Protein chains: 2
Amino acid sequence: MTPAPGTDHRTLPRRRGAALNSAIFEAVRAEIAESGYAALTMERVAERARASKASLYRRWPGRAALVLDAAYDAMPDYSSAPDTGSLRGDVLALMRQIVLLLEGVVGEAMIGLLGESLQNPDAAAQIREFGRGNMVRTMREIVGRAVARGECEAGLVTERRLEAGPALLRQRVMFSGLPVGDDYLQEVVDDVVLPLFGVRPEAQPEG
Amino acid sequence: MTPAPGTDHRTLPRRRGAALNSAIFEAVRAEIAESGYAALTMERVAERARASKASLYRRWPGRAALVLDAAYDAMPDYSSAPDTGSLRGDVLALMRQIVLLLEGVVGEAMIGLLGESLQNPDAAAQIREFGRGNMVRTMREIVGRAVARGECEAGLVTERRLEAGPALLRQRVMFSGLPVGDDYLQEVVDDVVLPLFGVRPEAQPEG
DNA sequence: CCAATAGAGAACTCAACGTTTTCTAACGGG
DNA sequence: CCCGTTAGAAAACGTTGAGTTCTCTATTGG
(Lines give C-alpha, C1' and ligand atoms only; values in the text may rest on other atoms or scores of the structure.)
Protein backbone atom coordinates (compact mmCIF):
# COMPACT_ATOMS: atom_id res chain seq x y z
CA MET A 1 0.00 0.00 0.00
CA THR A 2 2.82 2.41 -0.68
CA PRO A 3 1.23 5.55 -2.10
CA ALA A 4 2.14 6.54 -5.63
CA PRO A 5 5.00 9.04 -5.62
CA GLY A 6 3.72 12.56 -5.22
CA THR A 7 0.39 11.60 -3.68
CA ASP A 8 1.63 10.86 -0.19
CA HIS A 9 0.46 13.89 1.76
CA ARG A 10 3.57 13.77 3.89
CA THR A 11 5.68 14.68 0.90
CA LEU A 12 3.42 17.49 -0.30
CA PRO A 13 4.21 21.13 0.38
CA ARG A 14 2.90 22.14 3.76
CA ARG A 15 1.57 25.58 4.72
CA ARG A 16 2.03 27.18 8.10
CA GLY A 17 1.25 30.28 10.09
CA ALA A 18 -0.58 33.06 8.28
CA ALA A 19 -0.90 31.20 4.99
CA LEU A 20 -2.61 28.26 6.63
CA ASN A 21 -4.75 30.60 8.66
CA SER A 22 -6.03 32.34 5.56
CA ALA A 23 -6.78 29.05 3.86
CA ILE A 24 -8.81 27.97 6.87
CA PHE A 25 -10.76 31.23 7.01
CA GLU A 26 -11.47 30.93 3.32
CA ALA A 27 -12.75 27.42 3.82
CA VAL A 28 -14.98 28.49 6.69
CA ARG A 29 -16.54 31.25 4.65
CA ALA A 30 -17.01 28.98 1.65
CA GLU A 31 -18.77 26.42 3.82
CA ILE A 32 -21.06 29.05 5.31
CA ALA A 33 -21.86 30.48 1.91
CA GLU A 34 -22.60 27.01 0.59
CA SER A 35 -24.45 25.32 3.44
CA GLY A 36 -24.92 27.88 6.18
CA TYR A 37 -23.54 28.16 9.66
CA ALA A 38 -25.65 25.42 11.17
CA ALA A 39 -24.34 22.80 8.76
CA LEU A 40 -20.71 23.79 9.19
CA THR A 41 -18.56 21.07 10.71
CA MET A 42 -14.94 21.14 11.73
CA GLU A 43 -14.31 18.08 9.64
CA ARG A 44 -15.59 19.65 6.47
CA VAL A 45 -13.62 22.81 7.08
CA ALA A 46 -10.46 20.80 7.62
CA GLU A 47 -11.03 18.79 4.48
CA ARG A 48 -11.84 21.85 2.40
CA ALA A 49 -8.76 23.71 3.60
CA ARG A 50 -6.65 20.58 3.21
CA ALA A 51 -5.73 20.99 6.84
CA SER A 52 -6.00 18.62 9.74
CA LYS A 53 -8.51 18.81 12.54
CA ALA A 54 -5.59 18.91 14.93
CA SER A 55 -4.41 22.15 13.35
CA LEU A 56 -7.84 23.68 13.76
CA TYR A 57 -8.08 22.73 17.39
CA ARG A 58 -4.56 23.94 18.11
CA ARG A 59 -5.68 27.40 16.99
CA TRP A 60 -9.28 27.65 18.16
CA PRO A 61 -11.14 26.01 21.02
CA GLY A 62 -14.16 25.25 18.85
CA ARG A 63 -16.49 26.13 16.06
CA ALA A 64 -17.71 29.44 17.47
CA ALA A 65 -14.26 30.93 17.98
CA LEU A 66 -13.15 29.81 14.56
CA VAL A 67 -16.15 31.27 12.77
CA LEU A 68 -15.90 34.53 14.71
CA ASP A 69 -12.29 34.95 13.62
CA ALA A 70 -13.15 34.04 10.05
CA ALA A 71 -15.86 36.67 10.05
CA TYR A 72 -13.56 39.33 11.51
CA ASP A 73 -11.05 38.44 8.85
CA ALA A 74 -13.66 39.30 6.21
CA MET A 75 -14.62 42.64 7.74
CA PRO A 76 -13.92 45.62 5.54
CA ASP A 77 -12.09 48.61 6.94
CA TYR A 78 -14.67 50.88 8.52
CA SER A 79 -12.27 53.62 9.36
CA SER A 80 -13.70 56.06 6.85
CA ALA A 81 -17.31 57.08 7.23
CA PRO A 82 -18.96 58.23 4.02
CA ASP A 83 -18.79 61.98 3.44
CA THR A 84 -20.99 63.02 0.54
CA GLY A 85 -21.81 66.50 1.74
CA SER A 86 -25.39 65.82 2.87
CA LEU A 87 -26.87 63.84 5.72
CA ARG A 88 -29.11 61.99 3.32
CA GLY A 89 -26.24 60.98 1.09
CA ASP A 90 -24.08 59.89 4.00
CA VAL A 91 -26.78 57.80 5.63
CA LEU A 92 -27.67 56.10 2.38
CA ALA A 93 -24.03 55.33 1.68
CA LEU A 94 -23.52 53.89 5.14
CA MET A 95 -26.62 51.78 4.86
CA ARG A 96 -25.53 50.36 1.55
CA GLN A 97 -22.26 49.29 3.15
CA ILE A 98 -24.06 47.72 6.08
CA VAL A 99 -26.46 45.79 3.87
CA LEU A 100 -23.65 44.33 1.82
CA LEU A 101 -22.07 43.09 5.01
CA LEU A 102 -25.20 41.73 6.66
CA GLU A 103 -26.52 39.98 3.58
CA GLY A 104 -23.34 38.00 3.12
CA VAL A 105 -21.45 35.40 5.02
CA VAL A 106 -20.79 37.78 7.89
CA GLY A 107 -24.48 38.25 8.64
CA GLU A 108 -25.19 34.56 8.48
CA ALA A 109 -22.29 33.87 10.80
CA MET A 110 -23.48 36.50 13.25
CA ILE A 111 -26.94 35.01 13.67
CA GLY A 112 -25.64 31.50 13.99
CA LEU A 113 -23.00 32.50 16.51
CA LEU A 114 -25.42 34.53 18.52
CA GLY A 115 -27.87 31.68 18.81
CA GLU A 116 -25.16 29.32 19.89
CA SER A 117 -23.47 31.68 22.32
CA LEU A 118 -26.34 33.25 24.21
CA GLN A 119 -25.54 31.14 27.22
CA ASN A 120 -21.95 32.34 27.25
CA PRO A 121 -21.95 36.05 28.15
CA ASP A 122 -18.32 36.63 27.12
CA ALA A 123 -18.79 35.10 23.72
CA ALA A 124 -22.09 36.89 23.23
CA ALA A 125 -20.46 40.20 24.12
CA GLN A 126 -17.77 39.67 21.51
CA ILE A 127 -20.34 38.96 18.84
CA ARG A 128 -22.42 41.98 19.75
CA GLU A 129 -19.45 44.31 19.51
CA PHE A 130 -18.71 42.85 16.15
CA GLY A 131 -21.09 44.84 14.03
CA ARG A 132 -23.02 47.01 16.37
CA GLY A 133 -20.44 49.39 17.71
CA ASN A 134 -19.29 50.34 14.26
CA MET A 135 -22.70 51.13 12.87
CA VAL A 136 -23.76 53.50 15.62
CA ARG A 137 -20.32 55.05 15.86
CA THR A 138 -20.37 55.86 12.17
CA MET A 139 -23.90 57.23 12.43
CA ARG A 140 -22.72 59.52 15.20
CA GLU A 141 -19.92 60.81 13.05
CA ILE A 142 -22.17 61.40 10.07
CA VAL A 143 -24.82 63.19 12.08
CA GLY A 144 -22.14 65.18 13.89
CA ARG A 145 -21.01 66.55 10.57
CA ALA A 146 -24.60 67.40 9.65
CA VAL A 147 -24.90 69.38 12.88
CA ALA A 148 -21.65 71.18 12.10
CA ARG A 149 -23.01 72.08 8.65
CA GLY A 150 -26.15 73.44 10.25
CA GLU A 151 -28.27 70.76 8.60
CA CYS A 152 -29.80 69.68 11.88
CA GLU A 153 -29.96 70.77 15.51
CA ALA A 154 -27.60 69.26 18.04
CA GLY A 155 -30.48 68.88 20.50
CA LEU A 156 -32.14 66.26 18.32
CA VAL A 157 -29.20 63.86 18.43
CA THR A 158 -29.83 61.09 20.95
CA GLU A 159 -28.59 57.55 21.27
CA ARG A 160 -31.94 56.01 20.34
CA ARG A 161 -32.25 58.13 17.23
CA LEU A 162 -28.79 57.14 16.09
CA GLU A 163 -29.72 53.50 16.55
CA ALA A 164 -33.03 53.63 14.72
CA GLY A 165 -31.72 53.34 11.18
CA PRO A 166 -29.28 50.51 11.85
CA ALA A 167 -31.93 48.70 13.90
CA LEU A 168 -34.44 48.78 11.06
CA LEU A 169 -31.82 47.56 8.66
CA ARG A 170 -30.68 44.73 10.84
CA GLN A 171 -34.22 43.68 11.51
CA ARG A 172 -34.96 43.65 7.81
CA VAL A 173 -31.96 41.59 6.81
CA MET A 174 -31.68 39.26 9.75
CA PHE A 175 -35.26 38.72 10.83
CA SER A 176 -37.51 39.32 7.90
CA GLY A 177 -35.05 37.94 5.41
CA LEU A 178 -36.68 40.07 2.73
CA PRO A 179 -34.52 41.62 0.04
CA VAL A 180 -33.20 45.10 0.74
CA GLY A 181 -33.42 47.20 -2.36
CA ASP A 182 -32.40 50.78 -2.68
CA ASP A 183 -36.07 51.79 -2.53
CA TYR A 184 -36.27 50.21 0.89
CA LEU A 185 -33.19 52.08 2.06
CA GLN A 186 -34.69 55.33 0.86
CA GLU A 187 -37.86 54.66 2.80
CA VAL A 188 -35.84 54.12 5.96
CA VAL A 189 -33.86 57.30 5.39
CA ASP A 190 -36.75 59.52 4.29
CA ASP A 191 -39.47 58.19 6.61
CA VAL A 192 -37.42 57.60 9.73
CA VAL A 193 -33.83 58.78 9.92
CA LEU A 194 -34.10 62.26 8.42
CA PRO A 195 -37.35 63.16 10.25
CA LEU A 196 -35.80 62.11 13.54
CA PHE A 197 -33.00 64.59 12.96
CA GLY A 198 -35.31 67.29 11.72
CA VAL A 199 -34.12 67.23 8.13
CA ARG A 200 -36.67 67.62 5.31
CA PRO A 201 -35.96 64.86 2.75
CA GLU A 202 -37.13 66.89 -0.25
CA ALA A 203 -34.61 69.61 0.53
CA GLN A 204 -31.77 67.14 0.05
CA PRO A 205 -30.06 66.08 -3.17
CA GLU A 206 -30.23 62.45 -4.30
CA GLY A 207 -27.69 60.38 -2.37
CA MET B 1 -32.80 -8.75 36.89
CA THR B 2 -36.55 -8.56 37.51
CA PRO B 3 -37.24 -4.95 38.52
CA ALA B 4 -38.62 -4.30 41.97
CA PRO B 5 -42.42 -4.10 41.88
CA GLY B 6 -43.58 -0.61 41.10
CA THR B 7 -40.36 0.52 39.45
CA ASP B 8 -40.83 -1.25 36.15
CA HIS B 9 -41.71 1.57 33.81
CA ARG B 10 -44.07 -0.64 31.93
CA THR B 11 -46.37 -0.80 34.92
CA LEU B 12 -46.30 2.94 35.63
CA PRO B 13 -49.16 5.22 34.61
CA ARG B 14 -48.71 6.39 31.07
CA ARG B 15 -49.73 9.76 29.60
CA ARG B 16 -51.00 10.27 26.08
CA GLY B 17 -52.21 12.90 23.68
CA ALA B 18 -52.53 16.42 25.01
CA ALA B 19 -51.26 15.61 28.48
CA LEU B 20 -48.05 14.15 27.13
CA ASN B 21 -47.72 17.03 24.71
CA SER B 22 -47.89 19.56 27.49
CA ALA B 23 -45.35 17.69 29.54
CA ILE B 24 -42.97 17.69 26.59
CA PHE B 25 -43.42 21.41 25.93
CA GLU B 26 -42.82 22.10 29.58
CA ALA B 27 -39.64 20.05 29.48
CA VAL B 28 -38.42 21.88 26.38
CA ARG B 29 -38.96 25.26 27.98
CA ALA B 30 -37.33 24.18 31.20
CA GLU B 31 -34.28 22.95 29.31
CA ILE B 32 -34.02 26.21 27.38
CA ALA B 33 -34.39 28.27 30.54
CA GLU B 34 -31.74 26.18 32.24
CA SER B 35 -29.14 25.60 29.56
CA GLY B 36 -30.23 27.53 26.49
CA TYR B 37 -31.35 26.45 23.06
CA ALA B 38 -27.94 25.39 21.83
CA ALA B 39 -27.49 22.86 24.62
CA LEU B 40 -30.94 21.37 24.23
CA THR B 41 -30.92 17.72 23.18
CA MET B 42 -33.80 15.44 22.34
CA GLU B 43 -32.50 12.94 24.82
CA ARG B 44 -32.57 15.37 27.70
CA VAL B 45 -36.04 16.56 26.79
CA ALA B 46 -37.28 12.99 26.68
CA GLU B 47 -35.72 12.18 30.00
CA ARG B 48 -37.02 15.33 31.64
CA ALA B 49 -40.55 14.75 30.37
CA ARG B 50 -40.31 11.07 31.26
CA ALA B 51 -41.15 10.34 27.66
CA SER B 52 -39.35 8.27 25.06
CA LYS B 53 -37.40 9.61 22.15
CA ALA B 54 -39.70 7.59 19.92
CA SER B 55 -42.68 9.60 21.16
CA LEU B 56 -40.87 12.82 20.37
CA TYR B 57 -40.01 11.76 16.87
CA ARG B 58 -43.50 10.49 16.22
CA ARG B 59 -44.77 14.04 16.83
CA TRP B 60 -42.02 16.24 15.45
CA PRO B 61 -39.45 15.73 12.72
CA GLY B 62 -36.67 17.26 14.78
CA ARG B 63 -35.45 19.73 17.33
CA ALA B 64 -36.44 22.86 15.44
CA ALA B 65 -40.07 21.87 14.93
CA LEU B 66 -40.38 20.76 18.53
CA VAL B 67 -38.96 23.97 19.94
CA LEU B 68 -41.07 26.10 17.63
CA ASP B 69 -44.23 24.38 18.85
CA ALA B 70 -43.13 24.66 22.45
CA ALA B 71 -42.59 28.38 21.97
CA TYR B 72 -45.96 28.88 20.28
CA ASP B 73 -47.52 27.00 23.16
CA ALA B 74 -46.09 29.61 25.53
CA MET B 75 -47.30 32.61 23.53
CA PRO B 76 -49.77 34.81 25.31
CA ASP B 77 -52.96 35.86 23.60
CA TYR B 78 -52.24 38.98 21.59
CA SER B 79 -55.79 39.53 20.50
CA SER B 80 -56.26 42.65 22.56
CA ALA B 81 -53.99 45.61 21.86
CA PRO B 82 -53.53 47.95 24.81
CA ASP B 83 -55.99 50.88 24.90
CA THR B 84 -55.01 53.41 27.52
CA GLY B 85 -56.43 56.47 25.80
CA SER B 86 -53.13 57.96 24.62
CA LEU B 87 -50.63 56.93 22.00
CA ARG B 88 -47.83 57.17 24.52
CA GLY B 89 -49.59 54.93 27.01
CA ASP B 90 -50.50 52.38 24.37
CA VAL B 91 -47.02 52.17 22.92
CA LEU B 92 -45.42 51.82 26.33
CA ALA B 93 -47.86 49.10 27.31
CA LEU B 94 -47.24 47.20 24.10
CA MET B 95 -43.50 47.47 24.51
CA ARG B 96 -43.65 46.15 28.03
CA GLN B 97 -45.52 43.11 26.75
CA ILE B 98 -43.00 42.56 23.99
CA VAL B 99 -40.03 42.82 26.31
CA LEU B 100 -41.46 40.25 28.68
CA LEU B 101 -41.81 37.88 25.77
CA LEU B 102 -38.43 38.49 24.17
CA GLU B 103 -36.45 38.35 27.39
CA GLY B 104 -37.79 34.92 28.27
CA VAL B 105 -37.62 31.48 26.82
CA VAL B 106 -39.48 32.55 23.70
CA GLY B 107 -36.81 35.05 22.72
CA GLU B 108 -34.00 32.62 23.32
CA ALA B 109 -35.79 30.00 21.25
CA MET B 110 -36.33 32.47 18.42
CA ILE B 111 -32.68 33.37 18.06
CA GLY B 112 -31.57 29.78 18.25
CA LEU B 113 -34.14 28.62 15.75
CA LEU B 114 -33.38 31.43 13.38
CA GLY B 115 -29.70 30.66 13.35
CA GLU B 116 -30.35 27.02 12.70
CA SER B 117 -33.02 27.52 10.07
CA LEU B 118 -31.59 30.25 7.86
CA GLN B 119 -30.81 27.71 5.19
CA ASN B 120 -34.39 26.47 5.16
CA PRO B 121 -36.63 29.23 3.79
CA ASP B 122 -39.89 27.61 4.90
CA ALA B 123 -38.74 27.16 8.46
CA ALA B 124 -37.23 30.62 8.55
CA ALA B 125 -40.51 32.10 7.31
CA GLN B 126 -42.42 30.41 10.09
CA ILE B 127 -40.08 31.76 12.71
CA ARG B 128 -40.20 35.27 11.31
CA GLU B 129 -43.96 35.34 11.37
CA PHE B 130 -43.83 34.18 14.93
CA GLY B 131 -43.23 37.45 16.65
CA ARG B 132 -42.91 40.02 13.96
CA GLY B 133 -46.34 40.11 12.42
CA ASN B 134 -47.98 40.61 15.75
CA MET B 135 -45.85 43.52 16.85
CA VAL B 136 -46.32 45.63 13.77
CA ARG B 137 -49.97 44.69 13.48
CA THR B 138 -50.60 45.85 17.01
CA MET B 139 -48.63 49.04 16.40
CA ARG B 140 -50.83 49.74 13.41
CA GLU B 141 -53.94 49.32 15.49
CA ILE B 142 -52.65 51.56 18.26
CA VAL B 143 -51.55 54.30 15.89
CA GLY B 144 -54.80 53.97 13.95
CA ARG B 145 -56.69 54.82 17.13
CA ALA B 146 -54.40 57.79 17.75
CA VAL B 147 -55.22 59.07 14.27
CA ALA B 148 -58.93 58.61 14.95
CA ARG B 149 -58.56 60.60 18.17
CA GLY B 150 -56.83 63.38 16.26
CA GLU B 151 -53.59 62.79 18.16
CA CYS B 152 -51.58 62.44 14.98
CA GLU B 153 -51.96 62.89 11.25
CA ALA B 154 -52.79 59.93 9.05
CA GLY B 155 -50.18 61.07 6.54
CA LEU B 156 -47.37 60.33 8.96
CA VAL B 157 -48.23 56.65 9.31
CA THR B 158 -45.92 54.53 7.17
CA GLU B 159 -44.72 50.98 7.39
CA ARG B 160 -41.16 51.94 8.37
CA ARG B 161 -42.36 54.20 11.14
CA LEU B 162 -44.54 51.48 12.56
CA GLU B 163 -41.57 49.13 12.56
CA ALA B 164 -39.11 51.51 14.19
CA GLY B 165 -40.14 50.97 17.82
CA PRO B 166 -40.32 47.16 17.63
CA ALA B 167 -37.03 47.09 15.72
CA LEU B 168 -35.21 49.07 18.41
CA LEU B 169 -36.66 46.84 21.07
CA ARG B 170 -35.74 43.65 19.34
CA GLN B 171 -32.26 44.88 18.67
CA ARG B 172 -31.83 45.81 22.30
CA VAL B 173 -33.00 42.51 23.71
CA MET B 174 -31.67 40.13 21.12
CA PHE B 175 -28.46 41.72 19.95
CA SER B 176 -27.17 43.98 22.65
CA GLY B 177 -28.39 41.73 25.43
CA LEU B 178 -28.51 44.75 27.70
CA PRO B 179 -31.28 45.01 30.27
CA VAL B 180 -34.42 46.83 29.16
CA GLY B 181 -35.65 49.03 31.95
CA ASP B 182 -38.67 51.26 31.83
CA ASP B 183 -36.38 54.24 31.37
CA TYR B 184 -35.09 52.68 28.19
CA LEU B 185 -38.62 52.09 26.92
CA GLN B 186 -39.48 55.71 27.61
CA GLU B 187 -36.47 56.86 25.63
CA VAL B 188 -37.59 54.78 22.67
CA VAL B 189 -41.10 56.13 22.89
CA ASP B 190 -40.24 59.78 23.54
CA ASP B 191 -37.17 60.08 21.31
CA VAL B 192 -38.29 57.96 18.40
CA VAL B 193 -41.84 56.66 18.21
CA LEU B 194 -43.81 59.75 19.22
CA PRO B 195 -41.71 62.19 17.14
CA LEU B 196 -42.14 59.98 14.08
CA PHE B 197 -45.90 60.27 14.45
CA GLY B 198 -45.76 63.96 15.21
CA VAL B 199 -46.83 63.68 18.83
CA ARG B 200 -45.17 65.92 21.43
CA PRO B 201 -44.17 63.69 24.37
CA GLU B 202 -44.59 66.37 27.03
CA ALA B 203 -48.20 66.88 26.05
CA GLN B 204 -49.00 63.29 26.98
CA PRO B 205 -49.87 61.82 30.37
CA GLU B 206 -47.57 59.21 31.94
CA GLY B 207 -48.24 55.78 30.44
C1' DC C 1 -64.15 -7.31 27.43
C1' DC C 2 -61.24 -7.04 23.34
C1' DA C 3 -58.67 -5.20 19.49
C1' DA C 4 -56.24 -1.28 18.01
C1' DT C 5 -53.46 2.51 19.32
C1' DA C 6 -49.71 4.68 21.28
C1' DG C 7 -46.18 5.11 24.88
C1' DA C 8 -41.69 3.47 27.61
C1' DG C 9 -37.37 1.92 27.35
C1' DA C 10 -33.50 -0.18 25.28
C1' DA C 11 -30.54 -1.24 21.52
C1' DC C 12 -28.74 0.18 17.36
C1' DT C 13 -26.35 2.85 13.36
C1' DC C 14 -24.34 6.93 11.95
C1' DA C 15 -22.11 11.43 12.05
C1' DA C 16 -19.37 14.75 14.20
C1' DC C 17 -16.75 16.13 18.16
C1' DG C 18 -12.48 16.65 20.26
C1' DT C 19 -8.06 14.06 21.30
C1' DT C 20 -4.03 11.45 20.56
C1' DT C 21 -0.40 9.32 17.93
C1' DT C 22 2.86 8.89 14.13
C1' DC C 23 5.48 10.59 10.72
C1' DT C 24 7.77 14.52 8.43
C1' DA C 25 8.09 19.22 6.19
C1' DA C 26 9.45 23.79 7.35
C1' DC C 27 12.06 26.85 9.93
C1' DG C 28 15.84 28.94 12.75
C1' DG C 29 20.17 28.92 15.34
C1' DG C 30 24.76 27.83 15.25
C1' DC D 1 24.88 23.97 5.78
C1' DC D 2 23.36 20.90 9.15
C1' DC D 3 20.45 19.68 12.97
C1' DG D 4 17.15 20.25 16.59
C1' DT D 5 12.65 22.23 17.31
C1' DT D 6 8.24 23.45 15.85
C1' DA D 7 4.10 22.65 13.65
C1' DG D 8 1.30 20.31 10.15
C1' DA D 9 -1.17 15.91 7.78
C1' DA D 10 -3.45 11.93 8.29
C1' DA D 11 -5.50 8.37 10.69
C1' DA D 12 -7.47 6.22 14.59
C1' DC D 13 -9.96 6.53 18.76
C1' DG D 14 -13.59 7.24 22.60
C1' DT D 15 -17.75 9.88 23.32
C1' DT D 16 -22.12 12.03 22.56
C1' DG D 17 -26.39 12.84 20.48
C1' DA D 18 -29.31 12.10 16.30
C1' DG D 19 -32.79 9.43 14.52
C1' DT D 20 -34.70 4.53 14.02
C1' DT D 21 -36.42 0.17 15.35
C1' DC D 22 -37.70 -3.34 18.45
C1' DT D 23 -40.30 -5.38 22.42
C1' DC D 24 -43.55 -5.09 25.75
C1' DT D 25 -47.74 -3.11 27.78
C1' DA D 26 -50.97 0.62 29.43
C1' DT D 27 -54.79 3.11 27.65
C1' DT D 28 -58.80 3.71 25.06
C1' DG D 29 -62.80 3.33 22.03
C1' DG D 30 -66.03 0.14 20.56
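The figures that follow rest on heavy atoms only: side chains count, while hydrogens, waters and symmetry mates do not. In what follows, chains are A, B, ... by sequence order, proteins preceding strands, each numbered from 1. Computed from a prediction, not measured in an experiment: that's the story for all the values here.
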Inset, instruction - Answer yes or no: side-chain N or O of B/Arg16 and base N or O of D/dT27 forming a donor-acceptor pair under 3.5 Å. - result: yes
Inset, instruction - Answer yes or no: is there an ion pair linking B/Arg160 with A/Asp190, defined by an N-O contact shorter than 4.0 Å? - result: no
Inset, instruction - Could you tell me the separation between the CD atom of A/Glu31 and the P atom of C/dA16, rounded to a whole number of Å? - result: 11 Å
Legend entry - Contact list for DNA chain C against residues 41-56 of chain B - heavy-atom distance below 4.0 Å: B/Arg50, B/Ala51, B/Ser52, B/Ala54, B/Ser55
Inset, instruction - Could you tell me the separation between the CG atom of A/Asn21 and the P atom of D/dG8, rounded to a whole number of Å? - result: 9 Å
Inset, instruction - Look at B/Arg137 together with B/Glu141 and state whether they make a salt bridge at an N to O cut-off of under 4.0 Å. - result: no
Legend entry - Rounded interatomic separation in angstrom, taking OH from A/Tyr57 and C1' from D/dT15: 13 Å
Inset, instruction - Select from B/Gly62 and B/Arg15 the residue whose nearest nucleotide in DNA chain D is closer to the 5' end of that strand. - result: B/Gly62
Inset, instruction - Look only at the side chain of A/Ser55 and the backbone of A/Ala51, and say whether a donor-acceptor pair between them is shorter than 3.5 Å. - result: no
Inset, instruction - Determine which pairs satisfy salt bridge (charged side-chain N to carboxylate O under 4.0 Å, His left out) with at least one residue from residues 26-36 of chain B, sequence neighbours left out, and list them in order. - result: B/Glu26-B/Arg29, B/Arg29-B/Asp73, B/Glu31-B/Arg44, B/Glu31-B/Arg48, B/Glu34-B/Arg48
Inset, instruction - Verify the distance criterion only: is there a donor paired with an acceptor across the side chains of A/Glu116 and A/Tyr37 at less than 3.5 Å? - result: yes
Legend entry - Spacing between B/Arg14 atom CZ and D/dT28 atom C1', to the nearest angstrom: 12 Å
Inset, instruction - Measure the distance from CD on B/Glu116 to P on D/dA18 and round it to the nearest whole Å. - result: 10 Å
Legend entry - For atom CG of B/Leu40 and atom P of D/dA18, their distance in whole Å: 8 Å
Inset, instruction - Rounded off to whole Å, could you give me the CZ-to-C1' distance for the A/Arg58 and C/dT21 pair? - result: 12 Å
Legend entry - Protein-nucleotide distance (A/Arg63, atom CZ; D/dG17, atom C1'), rounded to Å: 14 Å
Legend entry - Short side-chain to backbone donor-acceptor contact, B/Ser117 and B/Ala124, under 3.5 Å: no
